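So that we are looking at the same thing, I have put the structure below in structure tokens.
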Amino acid sequence: YLLIDGTSWKHGSRWHHYLTLCVVYQEVAIPIFWLNLHKQGISNFKERKKLLKKAARHFHLQHKILLADREYIGVEWFKFLIASEIPFVIRLRKNTYKAAIDQAPGRSYRQLHNKVRRSKVAYKALSKDFTLEGMDLSFVVVKNPKPDAEEPIIYLITNLKESARQTAYRYPIRWKI
């Protein structure tokens, strides 16, 4: 697995935002490449693309599954990952891509959410395939495995063709960072 994340630090009067790419080895996230963006706040598509292109000069990234949090979304980003042959599982904010998900046949976004929320199964997960600007993706709704979580439901997007449960089990690996 690959993990991407960022953190901002202030040293004196200067901000440093480190965008970091990690590899997971024996349940530990090990940083393998990073960029100092010299700013406060989150990264944008161009900065993420630059990180992965530079890292790809040193590491074979194709076919490694990228796990990322909610800030690492966007149509351009997904298209770049697919073109780079990097499958992904990325967390979404609630209601992100709702219209595209609802347009696909099957249960609506709300129906998936409600069914998972009401379930007595501890790690209940449901998915729905949908198309977003020509990309075939899956939307996964899962009960948060952390019993004291602020957000009891987790929303994921992936281009992997697998069960909702398998995708749901992959995402918490990101928490190793």
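None of the values given here were measured: they were computed from a predicted structure. Along the sequence shown, residues carry numbers from 1.
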Considering residues, nucleotides and ligands other than Tyr123, do more than 12 of their heavy atoms fall under 6.0 Å from its OH? yes

Would you indicate whether the side-chain heavy atoms of Val140 and Ile157 approach each other to under 4.5 Å? no

Compute the centroid of each ring, for Tyr155 and then for Tyr109, and state whether the two points are separated by less than 6.0 Å. yes

Who are the side-chain contact (heavy atoms from CB on, under 4.5 Å) partners of Gln26, not counting sequence neighbours?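 For Gln26, no residue satisfies side-chain contact (heavy atoms from CB on, under 4.5 Å) once neighbours in sequence are set aside.
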
Polar side chain donor-acceptor pair, Glu162 to Thr167, under 3.5 angstrom: yes

Residues in side chain to side chain donor-acceptor pair (under 3.5 Å) with Asn144, at least two apart?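 Side chain to side chain donor-acceptor pair (under 3.5 Å) list for Asn144, sorted by chain: empty.
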
Pairwise side-chain contact, Val116 with Ile153, heavy-atom cut-off 4.5 Å (strictly under):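 Yes, side chains in contact.
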
Less than 4.5 Å apart, side chain to side chain, heavy atoms only: is that true for Val89 and Leu160?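 Answer yes - side chains close enough.
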
Given side chains that start at C-beta, do those of Pro31 and Tyr18 come closer than 4.5 Å, heavy atoms only?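 A side-chain contact under 4.5 Å is absent here.
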
In residues 50-63, what donor-acceptor pairs under 3.5 Å come from side-chain atoms, sequence neighbours left out?
| unit_1 | atom_1 | unit_2 | atom_2 | d |
| --- | --- | --- | --- | --- |
| His60 | ND1 | Gln62 | OE1 | 3.1 |
| His63 | NE2 | Glu85 | OE1 | 3.1 |

With a sphere of 6.0 Å drawn around NZ of Lys161, does it hold more than 12 non-hydrogen atoms of other residues, nucleotides or ligands?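 Enclosed.
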
Would you say that Phe78 contacts Leu132 through its side chain, given a criterion of any heavy-atom pair below 4.5 Å between the two side chains?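 In contact.
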
Is the count of non-hydrogen atoms from other residues, nucleotides or ligands lying under 6.0 Å from Arg117 atom CZ greater than 12? yes

